[in-house]
Amino acid sequence: MAPSPPRQRRMRLLLPLLAAAVACSLLRVSGAATTTGTLGLRHRRPARQHSSARHGGGGRPRGGGGGEAGSPGAGMASCNLFQGSWVYDDTLPMYDTAGCPFVEPEFDCQKYGRPDKQYLKYRWRPASCELPRFNGQDFLSRWKGKKILFVGDSISLNQWESLACMLHAAAPASKVAYTRGNPVSTVTFQDYGVSVAYYRSTYLVDIVEESVGRVLKLDSITGDAWLGADVLVFNTWHWWTHTGRDQPYVFVSFFLWDYVQDGAQVMKDMDRLTAFSKGMTTWARWVDSNVDTSKTKVYFQGISPTHYNGAEWGEGSRSCAQQTQPVAGSAYPAGPVPAQGAVRAALSGMSKPVYLLDVTLLSQLRRDGHPSAYSGGHPGNDCSHWCLAGVPDTWNQILYATLLA
(Lines give C-alpha, C1' and ligand atoms only; values in the text may rest on other atoms or scores of the structure.)
Protein backbone atom coordinates (compact mmCIF):
# COMPACT_ATOMS: atom_id res chain seq x y z
CA MET A 1 0.00 0.00 0.00
CA ALA A 2 1.32 3.44 -0.98
CA PRO A 3 2.01 5.89 1.86
CA SER A 4 -0.47 8.65 2.39
CA PRO A 5 0.42 12.16 1.14
CA PRO A 6 1.14 13.51 4.66
CA ARG A 7 3.50 10.62 5.28
CA GLN A 8 5.23 11.27 1.94
CA ARG A 9 5.77 14.88 2.95
CA ARG A 10 7.23 13.80 6.28
CA MET A 11 9.64 11.40 4.54
CA ARG A 12 10.74 14.12 2.11
CA LEU A 13 11.56 16.33 5.09
CA LEU A 14 13.37 13.54 6.95
CA LEU A 15 15.49 12.23 4.06
CA PRO A 16 17.96 15.19 3.97
CA LEU A 17 18.37 14.95 7.73
CA LEU A 18 19.02 11.20 7.51
CA ALA A 19 21.53 11.73 4.71
CA ALA A 20 23.38 14.35 6.74
CA ALA A 21 23.49 12.06 9.74
CA VAL A 22 24.91 9.20 7.64
CA ALA A 23 27.51 11.53 6.12
CA CYS A 24 28.61 12.76 9.55
CA SER A 25 28.85 9.16 10.74
CA LEU A 26 31.02 8.24 7.74
CA LEU A 27 33.27 11.21 8.38
CA ARG A 28 33.74 10.15 11.98
CA VAL A 29 34.60 6.60 10.89
CA SER A 30 37.08 7.70 8.24
CA GLY A 31 38.66 10.20 10.61
CA ALA A 32 39.27 7.52 13.23
CA ALA A 33 41.93 5.74 11.17
CA THR A 34 44.37 8.60 10.61
CA THR A 35 44.65 12.26 11.33
CA THR A 36 46.65 14.66 9.22
CA GLY A 37 49.38 16.49 11.08
CA THR A 38 51.95 19.01 9.99
CA LEU A 39 53.79 18.42 6.69
CA GLY A 40 51.01 16.10 5.59
CA LEU A 41 52.25 13.38 7.94
CA ARG A 42 49.60 10.77 8.63
CA HIS A 43 49.85 10.08 12.34
CA ARG A 44 49.04 6.61 13.55
CA ARG A 45 46.44 6.78 16.28
CA PRO A 46 47.94 5.35 19.51
CA ALA A 47 46.17 2.66 21.49
CA ARG A 48 46.17 4.90 24.57
CA GLN A 49 46.89 8.52 25.28
CA HIS A 50 50.51 9.46 25.95
CA SER A 51 52.01 12.58 27.38
CA SER A 52 52.77 15.38 24.95
CA ALA A 53 56.45 15.63 25.98
CA ARG A 54 58.70 16.46 23.08
CA HIS A 55 60.86 13.77 21.58
CA GLY A 56 64.59 14.09 22.06
CA GLY A 57 65.46 12.27 18.83
CA GLY A 58 65.57 15.19 16.43
CA GLY A 59 61.92 15.67 15.52
CA ARG A 60 62.22 19.38 16.30
CA PRO A 61 64.79 22.14 15.94
CA ARG A 62 67.69 22.32 18.33
CA GLY A 63 69.00 25.56 19.68
CA GLY A 64 67.73 28.47 21.70
CA GLY A 65 64.98 30.99 21.27
CA GLY A 66 66.01 32.27 17.85
CA GLY A 67 62.66 31.88 16.11
CA GLU A 68 61.81 28.22 16.56
CA ALA A 69 58.29 28.65 15.14
CA GLY A 70 59.67 29.56 11.72
CA SER A 71 62.19 26.73 11.55
CA PRO A 72 61.89 23.60 9.39
CA GLY A 73 60.78 21.46 12.33
CA ALA A 74 57.95 23.73 13.51
CA GLY A 75 54.89 21.71 14.48
CA MET A 76 56.61 18.33 14.26
CA ALA A 77 56.98 17.70 17.99
CA SER A 78 54.19 15.12 17.87
CA CYS A 79 56.15 12.85 15.50
CA ASN A 80 59.68 11.60 16.03
CA LEU A 81 60.83 10.95 12.47
CA PHE A 82 63.95 9.22 13.72
CA GLN A 83 62.44 6.45 15.82
CA GLY A 84 61.03 3.54 13.86
CA SER A 85 62.06 0.53 11.79
CA TRP A 86 62.88 -0.54 8.24
CA VAL A 87 60.22 -2.28 6.16
CA TYR A 88 60.48 -3.98 2.79
CA ASP A 89 59.09 -1.90 -0.09
CA ASP A 90 59.14 -3.34 -3.59
CA THR A 91 58.57 0.10 -5.17
CA LEU A 92 62.13 1.10 -4.26
CA PRO A 93 64.71 2.25 -5.24
CA MET A 94 63.76 5.71 -6.47
CA TYR A 95 66.49 5.72 -9.13
CA ASP A 96 68.99 3.51 -10.92
CA THR A 97 72.60 4.63 -10.60
CA ALA A 98 73.19 3.50 -14.18
CA GLY A 99 71.02 6.45 -15.23
CA CYS A 100 72.49 8.98 -12.80
CA PRO A 101 75.58 10.83 -14.06
CA PHE A 102 76.54 12.17 -10.61
CA VAL A 103 77.41 8.94 -8.77
CA GLU A 104 81.10 8.18 -8.52
CA PRO A 105 82.65 4.71 -8.17
CA GLU A 106 83.00 5.02 -4.40
CA PHE A 107 79.25 4.56 -3.88
CA ASP A 108 78.13 2.64 -7.00
CA CYS A 109 77.83 -0.83 -5.47
CA GLN A 110 75.82 -2.45 -8.27
CA LYS A 111 78.27 -1.31 -10.93
CA TYR A 112 81.15 -2.78 -8.99
CA GLY A 113 79.69 -6.21 -8.51
CA ARG A 114 77.44 -6.32 -5.47
CA PRO A 115 75.41 -9.49 -6.19
CA ASP A 116 72.32 -8.80 -4.01
CA LYS A 117 69.66 -6.12 -4.45
CA GLN A 118 67.50 -6.54 -1.38
CA TYR A 119 69.30 -3.65 0.38
CA LEU A 120 67.73 -1.35 -2.23
CA LYS A 121 64.21 -2.26 -1.11
CA TYR A 122 63.96 -1.00 2.45
CA ARG A 123 61.88 2.01 3.46
CA TRP A 124 62.14 3.83 6.79
CA ARG A 125 58.85 3.86 8.70
CA PRO A 126 58.64 6.12 11.78
CA ALA A 127 56.80 4.55 14.70
CA SER A 128 54.19 7.31 15.10
CA CYS A 129 53.54 8.64 11.58
CA GLU A 130 53.89 8.00 7.88
CA LEU A 131 56.84 9.71 6.23
CA PRO A 132 55.76 11.48 3.01
CA ARG A 133 57.06 9.96 -0.19
CA PHE A 134 59.77 11.98 -1.85
CA ASN A 135 58.39 14.08 -4.71
CA GLY A 136 61.29 15.39 -6.74
CA GLN A 137 59.24 17.60 -9.06
CA ASP A 138 57.53 19.18 -6.07
CA PHE A 139 60.94 19.72 -4.46
CA LEU A 140 62.24 21.47 -7.57
CA SER A 141 59.11 23.57 -7.95
CA ARG A 142 59.06 24.68 -4.31
CA TRP A 143 62.73 25.60 -4.36
CA LYS A 144 62.81 27.21 -7.76
CA GLY A 145 65.70 29.66 -7.99
CA LYS A 146 67.18 28.45 -4.68
CA LYS A 147 70.49 26.93 -3.62
CA ILE A 148 70.93 23.92 -1.34
CA LEU A 149 74.49 23.49 -0.05
CA PHE A 150 75.95 20.47 1.73
CA VAL A 151 79.09 21.29 3.72
CA GLY A 152 81.21 18.53 5.19
CA ASP A 153 83.20 15.38 4.54
CA SER A 154 82.63 12.40 2.24
CA ILE A 155 79.43 11.52 4.11
CA SER A 156 78.08 14.87 2.91
CA LEU A 157 79.30 13.91 -0.56
CA ASN A 158 77.30 10.70 -0.18
CA GLN A 159 74.13 12.65 0.67
CA TRP A 160 74.68 15.28 -2.01
CA GLU A 161 75.02 12.69 -4.77
CA SER A 162 71.94 10.91 -3.45
CA LEU A 163 69.79 14.06 -3.64
CA ALA A 164 71.12 14.93 -7.09
CA CYS A 165 70.15 11.44 -8.35
CA MET A 166 66.71 11.61 -6.73
CA LEU A 167 65.97 14.95 -8.40
CA HIS A 168 67.41 13.83 -11.75
CA ALA A 169 65.18 10.75 -11.72
CA ALA A 170 62.14 12.92 -10.97
CA ALA A 171 62.90 15.42 -13.75
CA PRO A 172 64.98 13.54 -16.33
CA ALA A 173 64.16 16.02 -19.10
CA SER A 174 65.42 19.03 -17.14
CA LYS A 175 68.59 20.61 -18.49
CA VAL A 176 71.43 20.04 -16.06
CA ALA A 177 74.74 21.82 -15.54
CA TYR A 178 77.22 19.67 -13.62
CA THR A 179 80.60 20.78 -12.33
CA ARG A 180 83.03 18.87 -10.11
CA GLY A 181 85.73 20.80 -8.34
CA ASN A 182 87.75 21.25 -5.18
CA PRO A 183 86.30 22.31 -2.82
CA VAL A 184 82.96 22.99 -4.58
CA SER A 185 80.86 20.75 -6.84
CA THR A 186 77.42 21.71 -8.15
CA VAL A 187 74.46 20.21 -9.98
CA THR A 188 72.08 22.85 -11.35
CA PHE A 189 68.63 21.92 -12.68
CA GLN A 190 68.43 24.78 -15.16
CA ASP A 191 64.72 24.56 -15.96
CA TYR A 192 64.02 25.27 -12.29
CA GLY A 193 67.05 27.34 -11.37
CA VAL A 194 67.72 24.98 -8.46
CA SER A 195 71.34 24.30 -7.56
CA VAL A 196 72.41 21.48 -5.26
CA ALA A 197 76.04 21.92 -4.24
CA TYR A 198 78.67 20.23 -2.11
CA TYR A 199 81.50 22.06 -0.36
CA ARG A 200 84.25 19.76 0.92
CA SER A 201 85.23 20.64 4.49
CA THR A 202 86.22 17.53 6.39
CA TYR A 203 86.40 19.13 9.85
CA LEU A 204 84.41 22.37 9.30
CA VAL A 205 87.12 24.12 11.33
CA ASP A 206 90.27 25.29 9.50
CA ILE A 207 93.46 23.46 8.60
CA VAL A 208 96.24 26.03 8.11
CA GLU A 209 99.72 25.50 6.67
CA GLU A 210 102.26 26.92 9.14
CA SER A 211 106.01 26.61 9.69
CA VAL A 212 105.57 23.52 11.89
CA GLY A 213 103.26 21.84 9.38
CA ARG A 214 99.52 21.60 8.83
CA VAL A 215 97.62 22.73 11.93
CA LEU A 216 94.01 21.85 12.74
CA LYS A 217 92.67 24.99 14.45
CA LEU A 218 89.78 24.14 16.76
CA ASP A 219 88.72 27.76 17.24
CA SER A 220 88.82 28.99 13.62
CA ILE A 221 86.38 28.70 10.72
CA THR A 222 86.65 30.35 7.31
CA GLY A 223 83.11 29.93 6.01
CA ASP A 224 82.33 32.97 3.88
CA ALA A 225 81.80 30.71 0.86
CA TRP A 226 78.90 29.02 2.67
CA LEU A 227 76.89 32.18 3.12
CA GLY A 228 74.01 33.02 0.78
CA ALA A 229 72.63 29.50 0.39
CA ASP A 230 68.92 29.01 1.04
CA VAL A 231 69.52 25.66 2.76
CA LEU A 232 72.74 24.69 4.56
CA VAL A 233 73.30 21.07 5.61
CA PHE A 234 76.45 20.62 7.71
CA ASN A 235 78.21 17.42 8.66
CA THR A 236 81.47 16.32 10.25
CA TRP A 237 82.84 13.45 12.34
CA HIS A 238 84.03 10.86 9.82
CA TRP A 239 87.65 12.07 9.91
CA TRP A 240 88.01 13.14 13.53
CA THR A 241 88.89 9.62 14.71
CA HIS A 242 91.46 8.81 12.00
CA THR A 243 95.08 8.95 13.08
CA GLY A 244 98.39 8.49 11.26
CA ARG A 245 98.57 5.33 9.17
CA ASP A 246 95.03 4.39 10.15
CA GLN A 247 93.70 7.15 7.92
CA PRO A 248 92.06 5.90 4.72
CA TYR A 249 92.95 7.69 1.49
CA VAL A 250 96.29 8.77 2.96
CA PHE A 251 97.28 9.94 -0.50
CA VAL A 252 94.72 12.75 -0.19
CA SER A 253 96.99 15.05 1.79
CA PHE A 254 94.50 17.87 2.30
CA PHE A 255 92.58 15.65 4.73
CA LEU A 256 95.59 15.30 7.01
CA TRP A 257 97.06 17.48 9.74
CA ASP A 258 100.25 17.39 11.79
CA TYR A 259 99.26 19.40 14.87
CA VAL A 260 96.09 20.52 16.61
CA GLN A 261 95.69 23.98 18.12
CA ASP A 262 93.34 24.73 21.00
CA GLY A 263 93.51 28.42 21.84
CA ALA A 264 97.18 29.30 22.25
CA GLN A 265 98.23 25.69 22.80
CA VAL A 266 99.63 23.71 19.85
CA MET A 267 99.79 19.94 20.41
CA LYS A 268 100.81 16.89 18.43
CA ASP A 269 97.49 15.29 19.32
CA MET A 270 94.65 15.32 21.84
CA ASP A 271 91.62 13.25 22.76
CA ARG A 272 89.61 13.15 19.55
CA LEU A 273 86.15 13.37 21.10
CA THR A 274 87.30 16.40 23.09
CA ALA A 275 88.72 17.96 19.92
CA PHE A 276 85.46 17.26 18.07
CA SER A 277 83.43 18.86 20.86
CA LYS A 278 85.57 22.00 20.70
CA GLY A 279 85.25 22.11 16.92
CA MET A 280 81.47 21.76 17.16
CA THR A 281 81.34 24.63 19.64
CA THR A 282 83.32 26.79 17.19
CA TRP A 283 80.94 25.87 14.38
CA ALA A 284 77.92 26.72 16.56
CA ARG A 285 79.39 30.15 17.35
CA TRP A 286 80.07 30.72 13.66
CA VAL A 287 76.46 29.95 12.69
CA ASP A 288 75.10 32.18 15.45
CA SER A 289 77.34 35.06 14.35
CA ASN A 290 77.16 34.75 10.57
CA VAL A 291 74.04 32.99 9.26
CA ASP A 292 70.76 34.88 8.80
CA THR A 293 68.32 32.10 9.64
CA SER A 294 65.36 34.22 8.51
CA LYS A 295 66.69 33.60 4.99
CA THR A 296 68.66 30.37 5.36
CA LYS A 297 67.42 27.08 6.84
CA VAL A 298 70.27 25.41 8.72
CA TYR A 299 70.62 21.69 9.36
CA PHE A 300 73.22 19.55 11.05
CA GLN A 301 73.31 15.98 9.85
CA GLY A 302 73.69 13.65 12.82
CA ILE A 303 76.51 11.17 13.19
CA SER A 304 76.68 8.60 10.41
CA PRO A 305 77.66 5.25 11.99
CA THR A 306 80.08 2.60 10.79
CA HIS A 307 79.64 -1.19 10.86
CA TYR A 308 83.12 -2.66 11.20
CA ASN A 309 82.42 -4.43 14.50
CA GLY A 310 79.70 -7.08 14.44
CA ALA A 311 79.74 -7.30 18.22
CA GLU A 312 77.70 -4.08 18.18
CA TRP A 313 74.70 -5.97 16.81
CA GLY A 314 75.46 -9.42 18.25
CA GLU A 315 77.45 -11.06 15.47
CA GLY A 316 80.89 -11.28 17.02
CA SER A 317 83.72 -10.60 14.60
CA ARG A 318 81.57 -9.98 11.52
CA SER A 319 81.43 -6.62 9.74
CA CYS A 320 79.19 -5.08 7.09
CA ALA A 321 80.61 -7.49 4.49
CA GLN A 322 77.98 -9.79 2.99
CA GLN A 323 75.18 -8.35 5.12
CA THR A 324 71.91 -8.37 3.20
CA GLN A 325 69.29 -7.30 5.78
CA PRO A 326 68.91 -4.52 8.36
CA VAL A 327 69.15 -5.15 12.08
CA ALA A 328 65.65 -6.23 13.11
CA GLY A 329 63.47 -4.01 15.26
CA SER A 330 63.81 -0.39 16.27
CA ALA A 331 66.74 -0.46 18.72
CA TYR A 332 70.46 -0.86 18.07
CA PRO A 333 72.08 -3.20 20.62
CA ALA A 334 75.24 -1.09 21.03
CA GLY A 335 73.24 2.06 21.76
CA PRO A 336 74.19 5.66 20.89
CA VAL A 337 77.68 6.78 19.89
CA PRO A 338 79.50 9.30 22.13
CA ALA A 339 79.79 11.89 19.36
CA GLN A 340 76.01 12.32 19.42
CA GLY A 341 76.31 13.90 22.85
CA ALA A 342 78.86 16.40 21.57
CA VAL A 343 76.53 17.41 18.73
CA ARG A 344 73.55 17.88 21.03
CA ALA A 345 75.61 19.87 23.51
CA ALA A 346 76.74 22.27 20.78
CA LEU A 347 73.24 22.71 19.37
CA SER A 348 71.63 23.19 22.77
CA GLY A 349 73.70 26.32 23.40
CA MET A 350 72.88 28.05 20.14
CA SER A 351 70.75 31.17 19.77
CA LYS A 352 69.87 30.44 16.12
CA PRO A 353 67.48 27.60 15.16
CA VAL A 354 69.25 24.58 13.69
CA TYR A 355 67.44 21.37 12.78
CA LEU A 356 69.16 18.13 13.75
CA LEU A 357 68.81 15.47 11.05
CA ASP A 358 69.29 12.78 13.66
CA VAL A 359 70.09 9.93 11.27
CA THR A 360 72.26 7.88 13.63
CA LEU A 361 69.80 5.25 14.87
CA LEU A 362 68.06 4.64 11.56
CA SER A 363 71.49 4.28 9.91
CA GLN A 364 72.84 2.05 12.69
CA LEU A 365 70.09 -0.43 11.83
CA ARG A 366 71.36 -0.61 8.22
CA ARG A 367 74.43 -2.82 8.58
CA ASP A 368 73.63 -4.00 5.04
CA GLY A 369 73.83 -0.57 3.39
CA HIS A 370 77.60 -0.12 2.96
CA PRO A 371 79.72 -0.71 -0.15
CA SER A 372 81.98 -3.21 1.68
CA ALA A 373 84.10 -4.72 -1.12
CA TYR A 374 81.87 -3.37 -3.91
CA SER A 375 83.36 0.08 -4.27
CA GLY A 376 85.29 1.36 -7.26
CA GLY A 377 86.99 4.10 -5.28
CA HIS A 378 87.70 2.66 -1.82
CA PRO A 379 90.18 -0.21 -1.36
CA GLY A 380 89.37 -2.96 1.11
CA ASN A 381 86.16 -3.23 3.12
CA ASP A 382 84.23 0.05 3.28
CA CYS A 383 81.77 -0.04 6.18
CA SER A 384 81.71 3.76 6.55
CA HIS A 385 80.13 5.12 3.38
CA TRP A 386 76.80 4.07 1.88
CA CYS A 387 75.74 2.45 -1.37
CA LEU A 388 73.66 4.52 -3.77
CA ALA A 389 70.80 4.03 -4.15
CA GLY A 390 70.45 3.43 -0.43
CA VAL A 391 70.39 4.84 3.08
CA PRO A 392 71.24 8.49 2.17
CA ASP A 393 68.05 8.56 0.09
CA THR A 394 66.13 8.27 3.36
CA TRP A 395 68.15 11.11 4.87
CA ASN A 396 67.02 13.24 1.92
CA GLN A 397 63.43 12.03 2.17
CA ILE A 398 63.37 13.31 5.76
CA LEU A 399 65.07 16.54 4.66
CA TYR A 400 62.32 16.98 2.06
CA ALA A 401 59.59 16.36 4.67
CA THR A 402 60.99 19.06 6.94
CA LEU A 403 61.40 21.53 4.08
CA LEU A 404 57.66 21.27 3.43
CA ALA A 405 57.03 23.25 6.62
Side-chain angles (χ1 to χ4, degrees), residues 55-59 61-63 80-83 150-159 200-207 216-219 221 232-244 246-248 255-257 260 262 267 269-287 298-309 311-313 319-320 327 331-350 354-367 369-370 382-386 391-392 394-395 398:
H55 298 283
R62 295 285 170 180
N80 186 345
L81 297 175
F82 305 101
Q83 182 67 47
F150 293 89
V151 181
D153 55 31
S154 54
I155 303 300
S156 289
L157 175 69
N158 224 171
Q159 187 175 6
R200 180 193 53 76
S201 179
T202 51
Y203 302 96
L204 298 181
V205 294
D206 294 333
I207 298 179
L216 179 68
K217 293 182 174 288
L218 299 181
D219 59 356
I221 284 183
L232 280 171
V233 185
F234 291 97
N235 162 68
T236 185
W237 171 243
H238 182 61
W239 278 86
W240 286 87
T241 58
H242 296 314
T243 59
D246 293 333
Q247 297 205 41
F255 288 171
L256 310 181
W257 48 267
V260 57
D262 180 18
M267 298 162 280
D269 205 350
M270 68 182 295
D271 178 81
R272 295 307 181 85
L273 184 57
T274 301
F276 174 68
S277 298
K278 290 178 178 290
M280 281 297 303
T281 299
T282 298
W283 168 82
R285 278 199 310 265
W286 181 88
V287 171
V298 182
Y299 292 79
F300 192 89
Q301 184 214 80
I303 304 300
S304 176
T306 63
H307 289 92
Y308 288 103
N309 182 9
E312 291 185 357
W313 61 89
S319 71
C320 72
V327 176
Y332 191 62
V337 297
Q340 289 177 267
V343 170
R344 292 181 184 279
L347 297 184
S348 67
M350 297 181 68
V354 175
Y355 188 90
L356 175 60
L357 276 176
D358 195 8
V359 301
T360 307
L361 173 60
L362 67 88
S363 304
Q364 283 179 317
L365 298 175
R366 290 304 305 274
R367 61 189 174 186
H370 299 283
D382 183 359
C383 295
S384 297
H385 300 96
W386 302 94
V391 173
T394 295
W395 304 347
I398 295 173

Roughly how far, to the nearest 0.5 Å, is [atom2] of [Y] from [atom1] of [X]?
| X | Y | atom1 | atom2 | result |
| --- | --- | --- | --- | --- |
| Ile303 | Arg344 | CD1 | CZ | 10.5 Å |
| Leu362 | Leu357 | CG | CG | 9.5 Å |
| Asp358 | Gln301 | CG | CD | 10.5 Å |
| Asn309 | Cys320 | CG | SG | 11.5 Å |
| Gln340 | Trp237 | CD | CH2 | 10.5 Å |

Ignoring hydrogens and angles, tell me if any N or O in the side chain of [X] forms a donor-acceptor pair with the backbone of [Y] under 3.5 Å.
| X | Y | value |
| --- | --- | --- |
| Ser156 | Phe150 | no |
| Thr274 | Met270 | no |
| Ser201 | Val151 | no |
| Gln364 | Gly335 | yes |

message: Would you say Ser319 and His307 are linked by a side-chain donor-acceptor pair, where the criterion is simply a distance under 3.5 Å?
response: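 No, Ser319 and His307 have no side-chain donor paired with an acceptor closer than 3.5 Å.
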- request: Would you check if the distance from the ring center of Trp240 to the ring center of Tyr203 is below 6.0 Å?
  value: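 That pair passes the under 6.0 Å test.
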field: Minimum-distance pair of heavy atoms, taken over all atoms of Leu273 and Ala342
entry: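 Heavy-atom minimum between the residues: CD1-CB, 4.5 Å.
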query: Which heavy-atom pair separates Gly302 from Val359 by the least distance, and what is that distance?
result: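 Taking Gly302 first and Val359 second, the nearest heavy atoms are O-CG2, 3.9 Å.
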query: When you look at Asp269 and Trp257, which way does the side chain to side chain contact (heavy atoms under 4.5 Å, CB included) test go after all the steps?
result: CA-CA 10 Å; Asp269 205 350; Trp257 48 267; 3.7 Å; yes
message: His385 vs Val391, test: side chain to side chain contact (heavy atoms under 4.5 Å, CB included). Steps then yes/no.
response: CA-CA 10 Å; His385 300 96; Val391 173; over 6 Å; no
message: Between Asp382 and His370, does the side chain to side chain contact (heavy atoms under 4.5 Å, CB included) criterion hold? Intermediate values first, please.
response: CA-CA 7 Å; Asp382 183 359; His370 299 283; 5.5 Å; no
message: Checking His238 against Ser304 for the side-chain hydrogen bond (donor to acceptor under 3.5 Å, both in side chains) test, could you report, in this order, the C-alpha distance in whole Å, the side-chain angles of both residues, the deciding distance, and whether it holds?
response: CA-CA 8 Å; His238 182 61; Ser304 176; over 6 Å; no
Side-chain heavy atoms of [X] within contact of [Y], under 4.5 Å:
| X | Y | value |
| --- | --- | --- |
| Phe82 | Ile398 | yes |
| Arg366 | Thr394 | no |
| Arg285 | Met350 | no |
| Ile207 | Lys217 | no |
| Pro333 | Glu312 | no |

field: Residue list, salt bridge (Lys or Arg N to Asp or Glu O under 4.0 Å) with Asp262, at least two apart or on another chain
entry: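 Asp262: salt bridge (Lys or Arg N to Asp or Glu O under 4.0 Å) contacts with Lys278.
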query: Which one of Thr236, Asn235, Thr202 satisfies the side-chain hydrogen bond (donor to acceptor under 3.5 Å, both in side chains) criterion with Asp153?
result: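 For Asp153, the side-chain hydrogen bond (donor to acceptor under 3.5 Å, both in side chains) check succeeds only for Asn235.
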- prompt: Looking at Trp395, Tyr332, Trp386, which hits side-chain hydrogen bond (donor to acceptor under 3.5 Å, both in side chains) with Ser363?
  reply: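 By the side-chain hydrogen bond (donor to acceptor under 3.5 Å, both in side chains) criterion, Ser363 pairs with just one of Trp395, Tyr332, Trp386: Trp395.
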Listed partners of Trp283 passing ring-ring contact (aromatic ring centres under 6.0 Å, His included), at least two apart: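 Counting only residues at least two positions away or on another chain, Trp283 forms a ring-ring contact (aromatic ring centres under 6.0 Å, His included) with Phe234, Phe300.
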- prompt: Do Trp239 and Leu256 pass the side chain to side chain contact (heavy atoms under 4.5 Å, CB included) test, and can you show the C-alpha distance, the side-chain angles, and the key distance before you say yes or no?
  reply: CA-CA 9 Å; Trp239 278 86; Leu256 310 181; 4.3 Å; yes
